[in-house]
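We name chains A, B, ... by the order of the sequence lines, and we start the count at 1 in each one. Just so it is clear, the values below take in all heavy atoms, side chains as well, and ignore hydrogens, waters and symmetry mates.
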Amino acid sequence: MSLTVCTWNINSVRIRLDIVRAALERLRPDVLCLQETKCQDDKFPLNAIRDLGFPHIALNGQKGWHGVATFSKRPFARIEKGAFCGKGDARHIAVTLDGAHALGKPLTIHNFYVPAGGDIPDPELNPKFAHKLAFLDEVTAWPALKADAAGDGHAIVVGDLNIAPLETDVWNHKQLLTVVSHTPVEVERLGAFQASGPWVDVMRRFVPPQEKLFTWWSYRSPDYTANDRGRRLDHVWASESLAPSASAMTVLKDARGWDKPSDHVPVAMTFG
DNA sequence: ATGGTGGAGAATCCA
C-alpha cells in the first residue's frame, strides 16, 4: 500500500487535457497538483478530470494567468486557500485527506505557485522580484504551514517554487548566479522557507545533490535536449515525519517532448 | 546585449 502525489506546472489546463491524461496513465498518482492552470473556476473542465478518475477537485483559479488545482481519488476533509502579499493572486491551495489511506494519518498537501519574479534580480528596480521575495517571506512566517509541518499528521509542500536552489539544479551554476531563479538572495529565501517546517527536499533523496536534476526547460530554445539546459524549479518537500516513507520518484522528462508540451514536466513522489 | 517561444484573450502582459 502506498500513496503517490504528483506536481506539474501545466501552463493552461484547458489546452493540455490530452497530456494530463497521458501523464496520469504513466504515473498513476492518487493526488495531482497543477500550477498555472490559467482558468477561472467556473470554466474549469471538471467533467474531464472526473472522467480521468479524480472525483475530488479543489480549485483556486483566476482569469488569464496563475491558478492552482488539486485533484484526488480520495475525499478532502478540508480545503484552504492562502492569500499572500495583499493580492488576489491564485497561488496556493491546501487539501487535507483524512487518515483512511496508506499512510494512516491525516495528510495535508500544500500546492504552491511562487511568483516567477521578472527578469531583473533587484527588488529596488523590479517590483516582480520584490513580490517574489515578499511572497516567500510571508509563506515562511505563515503559522498554519509551520503547524502542519510539526503537527500530528503528515504534510507535504509541492509546486512550482520558481527557484533552483542547488548548483546542480541548473545547467550552469556560474552563468545563472545572476539569472532570476538561481540568485543567492532567492536561494537564501527558499532555504528559510524550507527550514521553517522544517521540510525535507525528498527529490534529493533519490538523486543526490552531486547530480544534475531538472524539471523545466525553456520554450525559448528550439530543442530542449540540446545541451540539457534545464533547471529544477518544481519541488516536493515532506514533513520530517513523512520523509522517511518516500519510496519512489519519477521526473517524467519525456513529457517535455510530447506534442504541445508544458515547459515543466511532472514530478511524482510515492510514499509508503 | 539581445532574442529566442508559448498562453491568455484581445492589447499587451506574463512566463
Should the pair A:Arg229 and A:Trp171 be classed as cation-pi, given the thresholds of under 6.0 Å to the six-membered ring centre and 45° from the axis? yes
Euclidean distance, atom NE2 of residue A:His131 to atom C1' of B:dC14 [Å, nearest integer]: 13 Å
Pairwise P distance for B:dG6 and B:dA10, with rounding to whole Å: 22 Å
Touch class at under 4.0 angstrom, heavy-atom based, for A:Tyr224 against every strand present: nothing
For a side chain to side chain contact (heavy atoms under 4.5 Å, CB included) check, start with the C-alpha distance between A:Phe135 and A:Val114, then their side-chain angles and the critical distance, and finish with the verdict. CA-CA 7 Å; A:Phe135 185 98; A:Val114 171; 3.9 Å; yes
Atom pair distance, as rounded to whole Å: CG in A:Asp263 and P in B:dG4: 18 Å
Heavy-atom side-chain contact between A:Thr140 and A:Arg189 under 4.5 Å: no
For each nucleotide in nucleotides 5-13 of chain B, reading 5' to 3', give B when a protein heavy atom comes within less than 4.0 Å of its base, S when such contact involves only the sugar-phosphate, and - otherwise. BSSSSS---
Could you work out the separation of B:dT2 and B:dG7 based on their C1' atoms and round it to a whole Å? 23 Å
C1' gap between B:dG3 and B:dA15, integer Å: 15 Å
Between B:dG9 and B:dG4 - P atom distance, rounded Å: 25 Å
A:Glu80 side chain to A:Thr96 side chain, donor-acceptor N/O pair below 3.5 angstrom: no
For B:dT5 and B:dA1, measure between their P atoms and round to the nearest Å. 22 Å
Write down the distance between CD (A:Glu36) and P (B:dC14), rounded to a whole number of angstrom. 13 Å
A:Thr270-A:Arg28 side chain donor-acceptor pair, cut-off 3.5 Å: no
Is there a donor-acceptor contact under 3.5 Å linking the side chains of A:His154 and A:Ser241? yes
